[in-house]
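Predicted, not measured: the structure shown is a model, and the values here were computed from it. Letters A, B, ... mirror the listed sequences (proteins, then strands); counts begin at 1.
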Protein chains: 4
Amino acid sequence: MPQKNMAANKDKTIRRILDGATKVFAEAGYSGASVDEIAKAANVNKATIYYHVGDKEALYVRVLHEVIGQTAAGIAARMNNSMTPAEKLATYISGIAQTVENYPPLPPVMMRAVESGGQILSPEVAADLMMIFGILLEILEQGAREGVFIKANPFIIYLMIIGAVAFHRNVEANWDQKPELAMLFKQMDPDFYTKLEGSFSISVANEVTRLLLRALEKQGPQKD
Amino acid sequence: MPQKNMAANKDKTIRRILDGATKVFAEAGYSGASVDEIAKAANVNKATIYYHVGDKEALYVRVLHEVIGQTAAGIAARMNNSMTPAEKLATYISGIAQTVENYPPLPPVMMRAVESGGQILSPEVAADLMMIFGILLEILEQGAREGVFIKANPFIIYLMIIGAVAFHRNVEANWDQKPELAMLFKQMDPDFYTKLEGSFSISVANEVTRLLLRALEKQGPQKD
Amino acid sequence: MPQKNMAANKDKTIRRILDGATKVFAEAGYSGASVDEIAKAANVNKATIYYHVGDKEALYVRVLHEVIGQTAAGIAARMNNSMTPAEKLATYISGIAQTVENYPPLPPVMMRAVESGGQILSPEVAADLMMIFGILLEILEQGAREGVFIKANPFIIYLMIIGAVAFHRNVEANWDQKPELAMLFKQMDPDFYTKLEGSFSISVANEVTRLLLRALEKQGPQKD
Amino acid sequence: MPQKNMAANKDKTIRRILDGATKVFAEAGYSGASVDEIAKAANVNKATIYYHVGDKEALYVRVLHEVIGQTAAGIAARMNNSMTPAEKLATYISGIAQTVENYPPLPPVMMRAVESGGQILSPEVAADLMMIFGILLEILEQGAREGVFIKANPFIIYLMIIGAVAFHRNVEANWDQKPELAMLFKQMDPDFYTKLEGSFSISVANEVTRLLLRALEKQGPQKD
DNA sequence: CATGAATGAGTTTTCATTCAT
DNA sequence: TATGAATGAAAACTCATTCAT
C-alpha cells in the first residue's frame, strides 16, 4: 500500500510544519516569524510549506485555528451540565489554565489573535474565539438567571480571565531571563509562589477563580 | 539666539519621530513596523531618525519608555494620600483607562512590553512597568493592613486590570473593521455599550473597579 | 538525474559569482566593492549571492582563498626537486609572474591580503599565503645549505618579489589611463619595455630573478 | 589681533583634520574611511571638514600630497652630492625606512597610491611620487654612468624597495594581532628579529640595501 | 510528495554632502 | 569660523514566494 504510506508521510510532514509554525509564531508573532525559521523548526524544506499549506498567512490562520480550536474543545469537554454556575466558572478558568499549562504557545498566539481584533483572523478563527467566549457567556447568563451571579459585563470578565492567565504564563516563561523579576514577585507573595512550583497556571487559575467568584456571587462572600 | 531656535526645531523633529513611531509600532508591533513607514508617519527623512534616535530597537525602547512612563506618571499624579484603599483602587483603574482613552496606542504597546517579558525591554522600561505595578501593590497592601481588603495576589489583580482595559480598548478599536463583532457585543450587554458612547474606557474602568472591589473588600458587598 | 543537472547549474552560478566578485574586488578593494556591483558583474540576483556564499565578508574570504590558493598551487606545480636552488628561484618568480599574467586581478587582491596583515584574513587565506612563502623559504634554505646562496632574510626577499611583480602589473594595468606615465617608463628603459610587449610580467620576472640571483649567489656574479 | 588668532585657530583646525584623515585613511583606505570617522578622529564637526578642505576626495588628495611630499622632501634632504652611488642608495633606502618608522601611516597610503596607478591621484601627488622615484633614477643612472652599477630597470628596483619596506612595516604593525605569525618569522631568522627590537624598519632597510648593492654593484661582491 | 535554486521587492542601516544659523 | 540638523542616494542584507526537477 504505497498510497497509505505516502498519505501517512504527508500527514506527518504537515504535522511537523504546524508544530514548527506554532512554536515560531508563538515566539515571534506573525511578522516576527520568518518562513525560513519555520521551515527549520519543522525540519522541512521551505517550499514544502507552500506545497502543503500555502502562504504565510494561510499557515498562520491554520495554526491559530488549531491552537484555539483545541483550547475551545478542551474546555467544552470538561464542562458538565449538572454543575452549578460557580463550579462551571471554576472549570472554565482551570480549563483555560490547563490548556495553557500543557500548551505554552497558546497565550501569545491567543493574545495576538484577540489583539489583532480580526485583522488577520479568518472566520474560522473568529468562530473558535467566539466559541470560547460563548461558553463563558452561557455560564454567566445561567448564573444570572438562577440568581446566584450578579449581572456583569461578560466580555470584561472574559478579558480579565484571559489577561491574567495569558500574561502570567508569559511573564513566568521569561523568568529565567530576568531572575531579579522572579525574585521580586516571589518576595511579594511568597506563599503563592513557593507552594506550587511547576504548576503556576493552576494556582493562577485558582486565584482568579476565587477572586471572580467573590466578585460575581450574589450572597456576599462570607467572613473570610 | 540661533541655538535656541535650532534646539526647538530639533525637539519638534524628535517629537514628530516619536509620535510617528508610537503610532506605527502600536498598529503593527515591533517587527511589523518598518522604519520607512515610521519616517513617513513622522514626516521626516529616514536618516533623520537614525541621526536623532538611533536604530529601530533604540526607537522602540524610547517609545515604550515614553508611553509607559507617562502612564505611570499620570496614575501617580491622580493618587491622593487621604483616599481610602477602595478610592485609590478606583482612581488607579480609571487612571489607566484614562491614559488609554487619551492615548490609544498604549494598550498594544504595553501588551507587547509585558508580553515580551523583558526580552527587548530596557531597564528603563522595566522600571516604568514596575512603577505602575508598584502603585497597585501599595494600594493592596494598605487595604490589607487596614483590614478592608482580603489578601490577594497583587500581580494577578494587576494582570486582570491591564488585560481588561488594554484588550478591551484594542478590540474596540477594531470594531470599525468588524461591524458584526461590535453588533454582537452590543447585543450581549446593551446597557453597557449604549450608555456611554465615546467613553468606553471609562465605563470599562467602572465595571472593572466594581468587580474588583467586590472581589477584594472584606465586608461582603451589600445587597446589590 | 535531475540532481546532477541542478548541481551543475549551482556550480556554474557559484562560479559566476566568484568570478564577478574577484573582478570587482580586484578593481575596487573590499570596501569599494558593492554587492550590487558584484551581482551585476556576475549576472545573478543579489540575493543569490547571499544564498550561495553568504555575506560580503564571506564572499571576500572565498575569493581570496581561491585566488591565492591557485597561485600557491600553480607555483608548487612548476617546482621540481631536481632543480638547483637558482633554477628553483627563477621558477618561483616566474611562477608568480605567470599566475599574475594569467590572472590579472591577483595583485591587488594579494596586496590587500598582505596589507591587511590578517585583519580580515581567514585562517585558510593565511595558510595559502604561508604556503607561497613556505616554498620560497625552502628554496633559500636549500641554497644556504648547499653553500650557493648567502644567508638572507627570507621574508624580505619575499616582499621584494611580491612588491615588484604585483605592483608592476598593477601600474601597468593602469597605463591606458595614464599614457604619459607609460611614456615616461618606456623612455627610462626602452629596451625593457619594447622588447616584450604583451608579456610584461615575464620580463619583469626575468629582471627580478636576475637581480635577486646576483644578490643571493655566493660566487660573485661573473663578468656581466 | 583677532585676525591672527583666528588664522592660527584655523590652521590648527586644518591640522587636526589632516592628522585625523591621515590616520583614518591609512587604517581603512579611501572607501573604507568615512567622513564621520575622520571628523571624530580630528575632533571637529563633519561640516568643518567640508568648509576648510572640501569633499572626501579633496581631503584624500591633500593627505596623499602631504604624506608623500614630506617623504620625498625628507629623502632629498639626506642626499648629498658628494656621496658615491652606493652611499646614496643606502641613504635613499634608509630615508624611506626612516620616514616609515616615524610615520606609520605612510606605507598603506603610499601603496594605495601606487596601486591605484593614477585613478584618484591628482597631478600634485603624481609629481610627489615621481620625485621620490626620480631620486632613485638619478642614483642608478649615476652609478651606471660611473661604471659601478650594472644597468637595471629602475622601476623594478623602486618597487622592490617600496614593496619590502612598505609591506614589512605593515605586516609588522599587525603582529600584535597575530602573535603566531610574529613567532614564525622570528624563528625563521632569529638574529634579524631579535637584534634590533623597536627599529625594524632600519634593519629592514639595511638588509634591503645589502641585497640591492650585491645585485647592482659591478665588481662581484667579495668573498662574503 | 518534496526540495534546492533563484529572485523581486522589500528591510535596516550608512554615508557623503548641504544648509541654516 | 564652526556646527548641529537634515537628507537623497546607496549600501548591506532579508524574506516571501516561485519554479524546475
Passing option when C:Ile17 is tested against C:Asn43, C:Leu59, C:Val63, C:Thr22 for side chain to side chain contact (heavy atoms under 4.5 Å, CB included):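 Only match with C:Ile17 under side chain to side chain contact (heavy atoms under 4.5 Å, CB included): C:Leu59.
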
Rounded to the Å, how far apart are [X] [atom1] and [N] [atom2]?
| X | N | atom1 | atom2 | result |
| --- | --- | --- | --- | --- |
| A:Tyr30 | F:dC15 | OH | P | 14 Å |
| A:Asp36 | E:dG4 | CG | P | 12 Å |
| B:Leu59 | E:dT13 | CG | P | 10 Å |
| C:Ile17 | E:dA6 | CD1 | C1' | 10 Å |
| A:Tyr60 | F:dA16 | OH | P | 14 Å |
| C:Arg16 | E:dT7 | CZ | C1' | 13 Å |
| B:Ile49 | E:dT11 | CD1 | P | 13 Å |
| C:His52 | E:dT7 | NE2 | C1' | 11 Å |

From CD (C:Glu37) to CZ (C:Phe25), nearest 0.5 Å: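 Rounded to the nearest 0.5 Å, the CD-CZ separation comes to 10.0 Å.
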
Least distance between heavy atoms, C:Arg16 atom then C:Val44 atom: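 Nearest pair, atom of C:Arg16 first, then C:Val44: NH2-CG1, 3.4 Å.
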
Exercise: identify the closest heavy-atom pair between D:Ala28 and D:Ala33: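 Minimum heavy-atom separation between D:Ala28 and D:Ala33: CB-N, 3.7 Å.
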
Residue mapping more 5' on DNA chain E - nearest nucleotide basis, B:Ser31 or C:Thr48: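 Result: C:Thr48.
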
Earlier contact from the 5' end, DNA chain E, for B:Ala47 and C:Lys10: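 Upstream on the strand: C:Lys10.
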
Side-chain-base donor-acceptor pair under 3.5 Å for A:Lys46 and F:dT17: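 Donor-acceptor pair under 3.5 Å: yes.
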
Tell me what [X] touches on the nucleic acid: a base, only sugar-phosphate, or nothing, going by heavy atoms under 4.0 Å.
| X | answer |
| --- | --- |
| C:Ser34 | sugar-phosphate |
| C:Ala39 | nothing |
| D:Asp55 | sugar-phosphate |

Are any of [X]'s side-chain N or O atoms less than 4.0 Å away from OP1 or OP2 of [N]?
| X | N | answer |
| --- | --- | --- |
| B:Tyr51 | F:dA5 | yes |
| D:Thr13 | F:dA2 | yes |
| C:Asn45 | E:dG8 | yes |

C:Tyr50, nearest nucleotide to its side chain (from E:dT12, F:dA2, F:dT14):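 Out of E:dT12, F:dA2, F:dT14, the nucleotide with an atom closest to C:Tyr50's side chain is F:dT14.
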
Side chain of B:Lys56 - closest among E:dT12, F:dT17, E:dT14: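 Between E:dT12, F:dT17, E:dT14, the one nearest the side chain of B:Lys56 would be E:dT12.
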
Nucleotide paired to E:dA20 in any strand shown, Watson-Crick or G-U, under 3.5 Å: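 Looking at the geometry, E:dA20 pairs with F:dT3.
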
Ion pair A:Arg15/A:Asp19, N-O distance below 4.0 Å: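 Yes.
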
